[in-house]
4 protein chains.
Amino acid sequence: MHRGNRHGRSEQARLAVLEAADDLLVEKGFAALTVEGIAQRAGVAKQTIYRWWPSKTDILLEAFLTDAAEELTPPDTGDLTRDLVTHLTAISRFLTASDAGAVFRALAAEGQHNPRLAARLRAEHLTHQRARDRQPLERAQRRGELPAEADLDTLADRLVGPLYYRALVTGQQITEAFVAQLVRATLAGA
Amino acid sequence: MHRGNRHGRSEQARLAVLEAADDLLVEKGFAALTVEGIAQRAGVAKQTIYRWWPSKTDILLEAFLTDAAEELTPPDTGDLTRDLVTHLTAISRFLTASDAGAVFRALAAEGQHNPRLAARLRAEHLTHQRARDRQPLERAQRRGELPAEADLDTLADRLVGPLYYRALVTGQQITEAFVAQLVRATLAGA
Amino acid sequence: MHRGNRHGRSEQARLAVLEAADDLLVEKGFAALTVEGIAQRAGVAKQTIYRWWPSKTDILLEAFLTDAAEELTPPDTGDLTRDLVTHLTAISRFLTASDAGAVFRALAAEGQHNPRLAARLRAEHLTHQRARDRQPLERAQRRGELPAEADLDTLADRLVGPLYYRALVTGQQITEAFVAQLVRATLAGA
Amino acid sequence: MHRGNRHGRSEQARLAVLEAADDLLVEKGFAALTVEGIAQRAGVAKQTIYRWWPSKTDILLEAFLTDAAEELTPPDTGDLTRDLVTHLTAISRFLTASDAGAVFRALAAEGQHNPRLAARLRAEHLTHQRARDRQPLERAQRRGELPAEADLDTLADRLVGPLYYRALVTGQQITEAFVAQLVRATLAGA
DNA sequence: CGTTAATCGAGACGGTACGTCTCGTCTTAAA
DNA sequence: TTTAAGACGAGACGTACCGTCTCGATTAACG
């Protein structure tokens with residue numbers, strides 16, 4: 001087990017910090033998330049945090065990327081509609097009902113005030129997530145279910161955009177019926 | 001004109017605070033927006049601010065509602081597609097390129113951490129805006145251009161959701177082509 | 001009673017700080033005297049301390065000057081030898097056995113590292129104390145007990161210097177016999 | 001030349017530390033004298049310092065004892081007055097104008113807060129220095145210039161005490177005239 | 001002549017206190 | 001009664017050093 005020394009940072013401290021940040025965000029909310037609080041909860045010195053992370057949002061981002069790296073991968077049953085409904089439902093649950101989603105919302109919110117964070121969130125998460133969101137569409141296009149000239153990027157945005165809008169902006173519930181209608185109508189207009 | 005005296009609050013002070021908050025947000029960003037800074041810029045005592053507003057986000061919300069109350073009303077040319085393209089383009093410009101949009105993004109971001117603010121933003125702005133967003137669809141439905149059984153709420157979310165998603169989450173540009181395709185395909189799938 | 005407001009600082013807070021600093025120095029020693037500790041003991045915010053005192057030594061100096069302003073005034077019995085013995089004995093007790101003397105020793109020590117503090121200690125205490133130390137000599141000179149041409153400054157230094165030397169440097173005890181011999185021999189060599 | 005190995009400490013590192021401590025004290029003052037700074041300046045690891053010295057004042061004390069061991073030995077011309085004037089002048093220069101004196105003042109100051117350091121300073125320096133201060137007096141006593149019953153300890157304190165008092169406490173200049181008068185009057189009152 | 005044990009430079013660690021910043025509360029005198 | 005002014009208690013900020021620790025490299029007496 002590593003401890004702090006010349007050969008690198010303490011993995012133990014790193015994980016304790018990430019977990020503490022995650023827990024505190026979920027328990028107390030973003031406003032109560034302080035570097036001092038994270039340090040205390042993680043049993044770590046403040047300086048250790050500042051040595052490795054520029055700010056508390058960078059901690060959150062790393063925690064989010066570590067935890068949520070493999071989530072939200074769409075299924076592949078061969079049935080485009082079913083795969084999309086399943087995937088969009090998973091995205092909705094993630095955004096509105098999961099701890100990781102709470103961290104994501106906090107990061108997206110801070111990204112409005114912090115372009116550097118927004119850029120990292122895009123480069124290290126959203127790009128990959130958008131690629132995953134396209135997967136069912138690409139497979140359908142290859143199967144001939146979608147026309148070859150369909151603009152999959154736009155299509156993907158039309159599918160997930162309304163979910164993020166409801167989850168992050170209006171706060172409306174995302175019902176099964178809404179998702180079903182969204183998928184059906186969007187594919188009808190592809 | 002009222003000044004600080006026994007006859008009630010100073011309208012002059014109120015406007016100075018709202019304008020100072022607005023200006024500081026646009027100039028320095030949300031992180032640099034402090035009650036002390038607003039008070040100093042407005043030439044007003046901190047206590048005057050605390051007497052009338054519970055927090056700095058309430059100032060911003062009031063400033064936003066005062067300034068932007070009448071913006072983003074869709075046109076009525078009788079041509080649904082044209083009206084929607086015009087309206088969605090206006091929303092995009094508002095979100096990505098206007099001072100009022102910057103305030104809105106800040107409020108939406110803080111709303112992620114602050115349910116009370118989120119509720120006020122929804123009750124005092126988003127509800128009205130969503131009603132405005134539905135207007136072209138309602139008129140078209142009345143004209144018979146949209147089926148009587150069309151779910152206009154869902155339709156509106158499918159139109160504006162992708163715009164908010166790009167503006168607030170992914171940061172992708174919202175091009176004329178994107179808006180045109182969004183309107184065309186969404187109406188096709190209605 | 002004053003509290004913090006536009007019309008001046010809080011006398012209550014000022015006195016609490018001075019007393020806390022004094023007490024902590026005597027109880028825990030200079031090394032354990034921290035601004036944070038003073039603030040906590042005094043029930044005062046750190047910022048209130050930094051608003052009014054540049055450093056913890058300035059607090060100590062003010063506490064010392066407030067407390068010890070009237071101490072160490074030599075008696076006037078008309079008997080030079082007796083007055084000097086009494087006065088030098090009082091100085092010795094002050095330096096080695098009093099709380100105020102502990103504060104003085106701490107200030108004198110810090111003055112070695114801090115010229116600004118040393119200058120203030122000289123200007124606001126030592127100058128006055130040296131004047132008091134000369135009083136018995138001046139009276140004796142007026143009475144004709146000391147030659148008119150005697151250099152009283154040098155004489156005073158020769159009387160008190162050995163006391164400070166023993167108290168601050170060598171740590172040797174200052175006995176009654178030492179004081180008596182010091183006074184007798186010094187007057188003999190005047 | 002020794003280096004770090006099982007058979008003993010590195011003399012090279014020891015000297016580098018002592019010199020770095022000395023230099024930093026003179027250059028930056030006691031407040032800026034940190035173990036980290038000494039380690040960096042000496043090109044030595046912090047642990048190497050903590051392995052051999054309990055604190056930074058112990059480093060200073062060792063540096064002082066190493067450098068200044070043989071200074072301040074009074075001359076022996078056979079003329080008591082001349083020897084004393086020469087010796088007291090050397091002490092004054094040491095205290096007020098030499099690098100070693102700066103280190104001594106720092107150690108004496110810290111000794112006010114640190115009894116263990118004060119004890120070591122007395123045992124390892126002041127005792128020896130006081131013995132040297134007595135030498136001219138002892139020789140004079142043997143020569144019959146001073147009465148056999150003269151208390152040489154008190155006499156020595158009456159000679160050097162005023163110098164330390166001026167140098168460490170009041171900051172007054174120690175002039176040739178002051179030294180001359182001090183020696184003449186003290187011997188007159190012996 | 002390789003083994004081995006102590007020291008070395010390096011630097012991460014858990015801590016404490018620093019001096020600064022902003023919060024939201026309060027008290028006052030003037031208008 | 002409200003205002004501008006500004007001191008107050010509170011507490012987080014990010015930094016500097018503290019003294020401890022672990023590491024791999026170095027070195028010289030011992031086996």
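Chain A is the first sequence line, chain B the second, and so forth, proteins listed ahead of strands; every chain is numbered from 1.
Taking 4.0 angstrom as the limit, D:S10 places none of its side-chain polar atoms (N or O) nearer than this to OP1 or OP2 of E:dT7. A sub-4.0 Å separation between OP1 or OP2 of E:dC13 and a side-chain N or O of A:R51 is present. Proximity of A:T48 to the phosphate of E:dA12: no side-chain N or O atom is located under 4.0 Å from OP1 or OP2. Regarding contacts with the backbone of E:dC8, a side-chain N or O of D:W52 is found under 4.0 angstrom from either OP1 or OP2.
A 4.5 Å side-chain heavy-atom check between A:D99 and A:F64 finds every atom pair outside the cut-off.
Taking atom CD1 of residue A:I49 and atom C1' of nucleotide E:dA12, one finds them 14 Å apart after rounding to whole Å. Here F:dA5 presents its P atom at 16 Å from CZ of B:R41, a figure rounded to the nearest Å. Whole-Å rounding puts the D:R14 CZ to E:dC8 P distance at 12 Å. For the pair B:W53 CH2 and F:dT2 P, the interatomic distance rounds to 14 Å; values are reported in whole Å. The distance between atom CD of D:Q12 and atom C1' of E:dG9, rounded to the nearest whole Å, is 12 Å. Spacing between atom CD1 of D:I38 and atom P of F:dG19 amounts to 11 Å, rounded to whole angstrom units. Between D:K56 atom NZ and F:dC17 atom P there is a gap of 10 Å when expressed in whole angstrom units. For C:R9 and E:dT28, the CZ to P distance is 17 Å, given to the nearest whole Å.
The stretch residues 22-36 of chain C has no heavy atom under 4.0 Å from DNA chain F, so no residue of it qualifies as close.
The side chain to side chain contact (heavy atoms under 4.5 Å, CB included) test applied to D:A118 returns D:R122, not counting sequence neighbours. Residues satisfying the ring-ring contact (aromatic ring centres under 6.0 Å, His included) test with B:H113, not counting sequence neighbours, are A:F30. Among residues two or more places apart in sequence or in another chain, the side chain to side chain donor-acceptor pair (under 3.5 Å) test is passed with B:R120 by B:D58, B:E124.
Put simply, the side chain of C:Q47 and the base of E:dC21 share a donor and an acceptor less than 3.5 Å apart.
Cation-pi geometry between A:R9 and A:W52 is satisfied (NZ or CZ under 6.0 Å from the ring centre, within 45° of the ring normal).
If you find the closest nucleotide of DNA chain F to D:K46 and to A:G37, the one lying nearer the 5' end belongs to A:G37. Of the residues near DNA chain F, B:A42 and C:A45, the one whose nearest nucleotide (by heavy atom distance) lies more toward the 5' end is B:A42.
Listed by first and then second residue, the salt bridge (charged side-chain N to carboxylate O under 4.0 Å, His left out) pairs involving residues 104-114 of chain B amount to none (not counting sequence neighbours). Listed by first and then second residue, the salt bridge (charged side-chain N to carboxylate O under 4.0 Å, His left out) pairs that reach into residues 46-56 of chain D are D:E36-D:K46, sequence neighbours excluded.
Of the candidate nucleotides F:dG14, E:dC8, E:dG24, F:dG14 has the atom lying nearest to any side-chain atom of A:Y50.
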